[in-house]
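What follows is a single structure, written as structure tokens, with notes after it.
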Amino acid sequence: MRTFVRFIITAGLSAAAIAAGSGLHIDLTRLSVGPVPAAVIAAAIGIVLFVWFAIAPAICNLLRDLRFSLSTKRKIRKQILSRQRSLLNWLLSRPAHWGITGTASEPQYANTCEALLALRGTGYSEKKRESYRGALQTLTEAVMPTGLPSRTVNRPTVINTSMLLCLVALEKQKSTGVIDNFDMYDEIAANLWFLHAEDGWGPLILRAAKKEARLVNTWWALNALFRCGYLERPEEGAEFRQLLTGIYEKNRGGTFGYSASDSPRLTVTAMYLLLYYDLPEQVRAEIRQDYDPHLSAAFIYRRFVEEKCQVETESIDGTFAGGSYIAHTPWKHIASAYAMQALAAARKNRDLSSAKMNEVFRRTSAILSGDLRSPAASESFYLPSDIEVPRTGPYTFAASYLILGLEALLNCK
């Protein structure tokens, strides 16, 4: 179809150009070298080739983008909204506020945080207020003086604690009435900040050695502390800003891995691009001395749209804590959801073209058509092809993150 349209454009514009030249009495033979009888034909061929290679492709792209904006994009947005609601319905139908899989009988606090962030991010916390309040209450009852524990290792972890602090920051903005006293959470945030090392944070609420510092854990801590206002605090603000900008400086260019020595990863690169866009312009300008958001967006686009990456697995080394060895299973990241959020933000900030954003919507539509399963008429769970199905059912966190990714696309004009 595109070739046919390109042919029509080339034929029409070439004929118009040749006719215009004739009408203006332009001697096309002057385009040749010497009095060659076939000069007019040669000039006409030159015009056709110029239109075919230089003008027609641009017009085809313009028409494609226009057609996408007027018709296809509207259909995809309706599909996104419908699938997002079915994912939310499935998540809210699961027991235990939430376990790692859809049939788990006990909550895992990380999964509870992830689902609550999804409900907050979509406004479903208002529509399902009691479900939200009940799950948040489950978290508050589990909190220890230094943070939110992982049920797997039975001690506070950086990611769990940071997720909780993000929820607490949202509660401060618009309370659901679950948290009456925020002083304890301010102390937890202060302890999290106190334990930062030069290279960030490790898995546990401990000061991490250089080899234990991981950029995913560090991103969650930086994100949580930023939402808690640490950039504006009179005592900690300057040091927090220095740590924040230093992380970007140590990872020059536009990409990040799981650690400073790791190869570029979609998930982590998208995380830090999202954080960058949230920061005040004055801080962003400082970060841009070592960081290029255009390169970051281009890498995320390539991995998500062209290479079709949906899931990445981080292998986390065990950690020695208090004389005991704490093992960690591989951490699965829903890279597709982070990519959707980061690319939507890049488009809003003019670091991604409208044509590439259209391809992001097309890729998302393909995921929604091929990787969602429906156990009930109005419910769906997310099951990417590159993630296994546990014995107890599909993962709840996959649905939670995809819900947030879809929300970012719905808010992208």
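Residue numbers run from 1 in the order of the sequence given.
Evaluation of the salt bridge (Lys or Arg N to Asp or Glu O under 4.0 Å) rule for Glu307 yields Arg302, Arg303 as partners, not counting sequence neighbours. With sequence neighbours excluded, no residue forms a ring-ring contact (aromatic ring centres under 6.0 Å, His included) with Phe304. Partners of Leu81 according to the side-chain contact (heavy atoms from CB on, under 4.5 Å) rule, which considers only residues two or more places apart in sequence or in another chain, are Gln84, Arg85, Leu410. For Asp290, the salt bridge (Lys or Arg N to Asp or Glu O under 4.0 Å) partners are Arg252, not counting sequence neighbours. Residues that satisfy the side-chain contact (heavy atoms from CB on, under 4.5 Å) test with Ala118, not counting sequence neighbours, are Ser400, Ile403, Leu404. Residues that satisfy the salt bridge (Lys or Arg N to Asp or Glu O under 4.0 Å) test with Asp371, not counting sequence neighbours, are absent from this structure. Among residues two or more places apart in sequence or in another chain, the salt bridge (Lys or Arg N to Asp or Glu O under 4.0 Å) test is passed with Arg241 by Glu286. Partners of Ser150 by side-chain contact (heavy atoms from CB on, under 4.5 Å), not counting sequence neighbours, listed by chain and number: Thr152, Val153, Thr157, Asn160. Applying the side-chain contact (heavy atoms from CB on, under 4.5 Å) rule to Ser353 yields the partners Ala355, Lys356; only residues at least two apart in sequence or on another chain are considered.
Atoms OG and CG, on Ser378 and Leu88 in that order, are 11.5 Å from each other to the nearest 0.5 Å. Note that SG of Cys412 and CE of Met357 are 4.0 Å apart. Values are rounded to the nearest 0.5 Å. To the nearest 0.5 Å, atom NE2 of residue His97 and atom CG of residue Leu92 are 10.0 Å apart. Distance check, rounded to the nearest 0.5 Å: CG of Leu368 to CG of Leu402 gives 6.5 Å.
Of the N and O atoms on the side chains of Glu379 and Ser86, not one donor lies less than 3.5 Å from an acceptor on the other residue. Counted by atom type alone, Glu312 and Thr267 present one or more donor-acceptor pairs between their side chains at under 3.5 Å. For the residue pair Ser263 and Tyr258, no side-chain donor N or O sits within less than 3.5 Å of a side-chain acceptor on the partner. Looking at Tyr291 and Ser296, their side chains do bring a donor and an acceptor atom within 3.5 Å of each other. Judged by distance alone, the side chains of Tyr401 and Glu114 do bring a donor and an acceptor atom under 3.5 Å apart.
The main-chain N or O of Ile287 is never found under 3.5 Å from a side-chain atom of Thr245 such that the two would form a donor-acceptor pair. Ser369 places a side-chain N or O within donor-acceptor distance of the main-chain N or O of Ser365, the cut-off being under 3.5 Å. Panel note: side chain Asp199, backbone Lys210; no donor-acceptor pair is recorded below 3.5 Å.
Closest approach of Pro203 and Glu212 over heavy atoms only: CD-O, 3.8 Å. Contact between Leu225 and Ala189 at its shortest, heavy atoms only, is CD2-O, 3.5 Å. In this structure, Cys166 and Leu117 approach most closely via the heavy-atom pair CB-CD2, 4.3 Å. Arg94 and Thr396 make their closest contact through CG-CG2, 4.5 Å (heavy atoms, listed as atom of the first residue, atom of the second, distance). Contact detail for Leu243 and Ala197: the closest heavy-atom pair is CD1-O, 3.9 Å. The two residues Leu352 and Arg347 make their nearest non-hydrogen contact at O-NH1, 2.8 Å.
For the salt bridge (charged side-chain N to carboxylate O under 4.0 Å, His left out) condition, the pairs that include at least one residue of residues 257-270, sequence neighbours left out, are Asp262-Arg265. Sorted by first and then second residue, the salt bridge (charged side-chain N to carboxylate O under 4.0 Å, His left out) pairs with a member in residues 166-186 read Arg120-Glu171, Glu126-Lys174, Lys172-Asp186; sequence neighbours excluded.
Salt bridge Glu314/Lys332: absent, no basic N to carboxylate O contact under 4.0 Å.
Within the 4.5 Å cutoff, the side chain of Trp98 has no heavy atoms near those of the Thr138 side chain. Two residues are said to be in side-chain contact when any heavy atoms from C-beta on lie closer than 4.5 Å; Leu195 and Thr146 fail this criterion. Annotation: side chain of Leu295 is not in contact with side chain of Phe299 (no heavy-atom distance under 4.5 Å). No side-chain heavy atom of Asn111 sits under 4.5 Å from any side-chain heavy atom of Tyr395. At least one side-chain heavy atom of Glu130 sits under 4.5 Å from a side-chain heavy atom of Arg133. With contacts defined as side-chain heavy-atom distances shorter than 4.5 Å, the pair Val143/Ile188 qualifies. Put simply, the side chain of Thr269 does not reach to within 4.5 Å of the side chain of Tyr338, judged on heavy atoms. The shortest side-chain heavy-atom distance between Cys113 and Leu167 falls under the 4.5 Å cut-off.
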Distance-only criterion, 3.5 Å: show the donor-acceptor pairs between side-chain atoms of residues 270-281 and protein atoms not counting sequence neighbours.
residue, atom, partner, partner atom, Å
Tyr272, OH, Leu215, O, 2.8
Tyr272, OH, Trp219, N, 3.2
Tyr276, OH, Arg288, NH1, 2.8
Tyr277, OH, Asp351, OD2, 2.6
Glu281, OE2, Arg288, NH1, 3.4
Glu281, OE2, Arg288, NH2, 2.7

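Outside the 6.0 Å centre-distance limit, the rings of Phe397 and His333 are not counted as a close aromatic pair. Checked against the 6.0 Å centroid criterion, the rings of Phe256 and Tyr248 qualify as a close aromatic pair.
The cationic atom of Arg207 (NZ for Lys, CZ for Arg) lies less than 6.0 Å from the six-membered ring centre of Phe194 and within 45° of the ring axis.
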* Asked: Can Leu406 and Leu87 be said to form a side chain to side chain contact (heavy atoms under 4.5 Å, CB included), step by step?
  -> CA-CA 10 Å; Leu406 298 178; Leu87 286 162; 3.9 Å; yes
* After noting the C-alpha distance and the side-chain angles of Met340 and Ile80, does the key distance pass the side chain to side chain contact (heavy atoms under 4.5 Å, CB included) rule? -> CA-CA 12 Å; Met340 293 171 193; Ile80 290 173; over 6 Å; no
* To do: For the pair Tyr382 and Gln310, evaluate side chain to side chain contact (heavy atoms under 4.5 Å, CB included) and give the outcome as yes or no after the intermediate values.
  => CA-CA 11 Å; Tyr382 180 34; Gln310 293 192 63; 2.4 Å; yes
* Kindly indicate, with the supporting measurements, whether the criterion side chain to side chain contact (heavy atoms under 4.5 Å, CB included) is fulfilled by Asn411 and Glu407. => CA-CA 6 Å; Asn411 292 325; Glu407 183 69 16; 3.5 Å; yes
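Other residues, nucleotides and ligands place no more than 12 heavy atoms under 6.0 Å from the CD atom of Gln242. Residue Lys250 qualifies as enclosed at atom NZ: its count of foreign heavy atoms under 6.0 Å is above 12. The number of heavy atoms from other shown groups lying within 6.0 Å of CD (Glu198) does not exceed 12.
Relative orientation of the Phe381 and Trp90 rings is tilted, given thresholds of 30° and 60° on the angle between their planes. Under the 30°/60° scheme for interplanar angles, the aromatic rings of Trp201 and His196 are found to be tilted.
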